[in-house]
Novice: 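A single structure is presented below for examination.
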Number of protein chains: 2
Amino acid sequence: MPRPKLQSGPATSERILDVAERLVQQQGFNGFSYATVASELHISTASLHYHFPSKTDLGRALIERYHASFSRALDDIDRDARGAADKLRRYAALYDSVIKNDRLCLCGMLAAEFATLPAPMQQALTAFFDLNERWLAAVLKDGRSGGALDFRDSPADRARILLGALEGAMLVARSYGDEKRFRAAANQLLEDLGSGPRVKPRRASK
Amino acid sequence: MPRPKLQSGPATSERILDVAERLVQQQGFNGFSYATVASELHISTASLHYHFPSKTDLGRALIERYHASFSRALDDIDRDARGAADKLRRYAALYDSVIKNDRLCLCGMLAAEFATLPAPMQQALTAFFDLNERWLAAVLKDGRSGGALDFRDSPADRARILLGALEGAMLVARSYGDEKRFRAAANQLLEDLGSGPRVKPRRASK
DNA sequence: GTCTATAGGTGGATAGAC
DNA sequence: GTCTATCCACCTATAGAC
């Protein structure tokens with residue numbers, strides 16, 4: 001069992017994932033190479049293959065880490081947010097922080113390349129979307145029964161619409177290099193759900 | 001000046017575009033190669049380069065043809081549709097026919113790869129989105145002033161939301177290999193705009 | 001764990017014959 | 001317009017030394 005490192009930074013495999021994640025979010029899984037990651041970290045591609053024997057292994061690890069990280073973020077929201085509308089605002093803020101770095105959602109990008117991905121990555125991808133849809137559906141359901149949100153269709157259907165709309169808004173906004181475009185769409189999508197004002201909370205009106 | 005062909009099928013360059021278009025919509029611009037197109041058409045890659053000297057040329061031609069084709073489809077809708085709600089239904093049907101063939105919108109796919117595309121393709125891409133947003137905004141504006149549609153924000157903002165939501169719904173639905181997923185989302189998005197019942201028109205209610 | 005060196009394949013693109 | 005042959009760059013991946 002290796003001793004915990006006392007002074008060094010993140011383990012090499014984590015730094016590999018960090019760089020690869022950014023490259024995939026910006027250029028796609030078919031648009032980046034081991035060579036790029038290696039040169040950026042000043043290591044050889046052979047070292048990369050030591051940590052991730054195949055590109056498929058690296059890709060799956062990327063999705064699984066992203067999934068776990070997103071899952072923790074959703075737990076944090078559940079713990080900290082005040083009400084369903086606030087949960088949705090914080091959820092949208094997760095996307096906003098992504099496009100601010102000139103990236104797409106990792107899984108939104110991979111969804112475009114879906115047909116060319118190896119099967120293990122395809123499965124990990126839908127698992128990520130499932131997580132998002134389940135969480136959104138639960139928030140929407142609670143928000144409606146509590147009176148904070150208003151929509152006509154089922155929470156599950158509305159969750160799918162919301163997920164797709166946020167992914168698509170990022171996709172188009174990034175082509176214009178205009179993150180405000182995304183923010184405007186996200187804010188309006190939340191307003192459509194009757195999630196209240198987005199900038200400052202107001203005391204009960206009327 | 002070449003004589004018009006009397007008996008042959010579409011010109012070679014058109015058949016190249018047909019195959020390349022399908023491959024890009026399914027696998028992305030970085031996910032297909034001249035070799036694949038050539039073997040499918042039983043010609044050599046050198047012939048491909050005769051018609052489209054570089055892959056950038058081919059990519060730009062793909063977007064421009066797609067743009068022109070879409071523009072004609074929108075003209076047809078303007079001519080044939082009965083009212084704004086019907087126009088939106090027919091617009092969504094364009095997307096539906098795409099995902100039914102296991103494809104993404106050509107420009108939705110390219111938007112994901114945006115950062116890796118040559119500049120001429122990037123410009124052609126935003127021109128396509130501009131066309132869609134202008135058309136949608138005009139339909140939304142007319143529909144609201146005529147009472148057929150109802151939404152709170154500006155027609156331009158709502159057009160952007162709708163375009164992004166349709167692109168995103170396709171993106172996610174295709175990862176599940178489930179075109180019904182897209183259709184459900186599209187129908188609900190139209191209902192949100194107060195575009196009335198989607199299956200059969202009804203006589204004035206109440 | 002990291003390296004050098006390299007294998008083996010595929011990418012886009014070109015030359016020149018026909 | 002289409003072909004064969006070829007170039008060179010890049011890709012993923014491996015072997016084996018350190």
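Just so it is clear, the structure is predicted and the values come from calculations on it, not from any experiment. By convention in this document, chain letters (A, B, ...) are assigned in the order of the sequence lines, proteins followed by strands, and residues within each chain are numbered from 1.
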Novice: What is the distance, rounded to the nearest whole Å, between atom CG of B/Asp57 and atom P of C/dT14?
Specialist: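 Computing the B/Asp57:CG to C/dT14:P distance gives 10 Å.
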Novice: Going by an N to O cut-off under 4.0 Å, is there a salt bridge joining A/Arg79 and A/Asp76?
Specialist: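 Salt bridge present between A/Arg79 and A/Asp76.
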Novice: Between B/Asn132 and B/Tyr91, is any pair of side-chain heavy atoms under 4.5 Å apart?
Specialist: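 Counting from C-beta outward, B/Asn132 and B/Tyr91 do come under 4.5 Å.
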Novice: At 4.0 Å (heavy atoms only), tell me whether B/Ser54 reaches a base, stays on the sugar-phosphate, or touches nothing.
Specialist: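 Sugar-phosphate only.
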Novice: Which residues pass the side-chain hydrogen bond (donor to acceptor under 3.5 Å, both in side chains) test with A/Asp57, not counting sequence neighbours?
Specialist: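 Partners of A/Asp57 by the side-chain hydrogen bond (donor to acceptor under 3.5 Å, both in side chains) criterion, ordered by chain and then number, come out as A/Ser54.
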Novice: Closest nucleotide of DNA chain D for B/Arg15 versus for B/Thr45: which of these residues is on the 5' side?
Specialist: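 The 5'-side residue here is B/Arg15.
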Novice: Looking at C/dT4, C/dG12, D/dT12, which one has an atom nearest to any side-chain atom of B/Lys55?
Specialist: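 Closest of the options to the side chain of B/Lys55: C/dG12.
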Novice: For A/Asp153, what residues pass the salt bridge (Lys or Arg N to Asp or Glu O under 4.0 Å) criterion, not counting sequence neighbours?
Specialist: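 With neighbours one apart ignored, the set is A/Arg158.
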Novice: Under 4.0 Å: is that the gap between some side-chain N or O of A/Thr12 and OP1 or OP2 of C/dT2?
Specialist: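 The answer is yes; a side-chain N or O of A/Thr12 sits under 4.0 Å from OP1 or OP2.
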Novice: For B/Tyr50, report the nucleic acid contact type (base, sugar-phosphate, nothing); a contact means any heavy atom under 4.0 Å.
Specialist: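 Answer is base: heavy atoms of B/Tyr50 come under 4.0 Å of a base.
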Novice: Scan B/Ser33 against the nucleic acid and name what it touches under 4.0 Å (heavy atoms): base, sugar-phosphate only, or nothing.
Specialist: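 The residue B/Ser33 makes sugar-phosphate contact but no base contact.
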Novice: Between A/His49 (NE2) and C/dC3 (P), how many Å, whole number?
Specialist: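 Spelled out: NE2 on A/His49 to P on C/dC3 is 13 Å.
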Novice: What is the distance, rounded to the nearest whole Å, between atom CD1 of B/Ile43 and atom P of D/dT4?
Specialist: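 So the CD1-P distance, B/Ile43 to D/dT4, works out to 12 Å.
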Novice: To the nearest Å, give me how far apart CZ (B/Phe29) and P (C/dG12) are.
Specialist: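 Distance check: B/Phe29 CZ to C/dG12 P gives 8 Å.
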Novice: Choose from C/dT4, D/dT2, C/dG11 the nucleotide whose nearest atom is closest to any side-chain atom of A/Ala46.
Specialist: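 The listed nucleotide nearest to A/Ala46's side chain is C/dT4.
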Novice: Check the orientation of B/Tyr66 and B/Phe128. Use parallel for under 30°, tilted for 30 to 60°, and perpendicular for over 60°.
Specialist: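 Correct class here is tilted.
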Novice: Using whole Å, report how far CG of A/Asn30 lies from C1' of D/dC10.
Specialist: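 Rounding to the nearest Å, CG of A/Asn30 and C1' of D/dC10 are 15 Å apart.
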Novice: In whole angstrom, give the distance that lies between atom CG of B/Leu48 and atom P of C/dG11.
Specialist: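 B/Leu48 atom CG is separated from C/dG11 atom P by 13 Å.
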Novice: Mind checking if A/Phe32 touches a base, just sugar-phosphate, or nothing, with heavy atoms under 4.0 Å?
Specialist: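 Answer is sugar-phosphate: A/Phe32 comes under 4.0 Å of backbone atoms only.
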Novice: Rounded to the nearest angstrom, tell me the gap between atom CZ in B/Phe52 and atom P in D/dG1.
Specialist: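 After rounding, the gap between these two atoms is 12 Å.
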Novice: Taking OP1 and OP2 of D/dT2, is either one under 4.0 Å from a side-chain nitrogen or oxygen of B/His51?
Specialist: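 Answer yes for this pair, as a side-chain N or O of B/His51 is under 4.0 Å from OP1 or OP2.
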Novice: How close or far is atom P of C/dA13 from atom OH of B/Tyr34, stated in whole angstroms?
Specialist: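 To the nearest whole Å, that distance equals 6 Å.
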Novice: With respect to the phosphate group of D/dT2, does any side-chain polar atom (N or O) of B/Ser44 fall under 4.0 Å of OP1 or OP2?
Specialist: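 So the side chain of B/Ser44 is outside the cut-off, no N or O lying under 4.0 Å from OP1 or OP2 of D/dT2.
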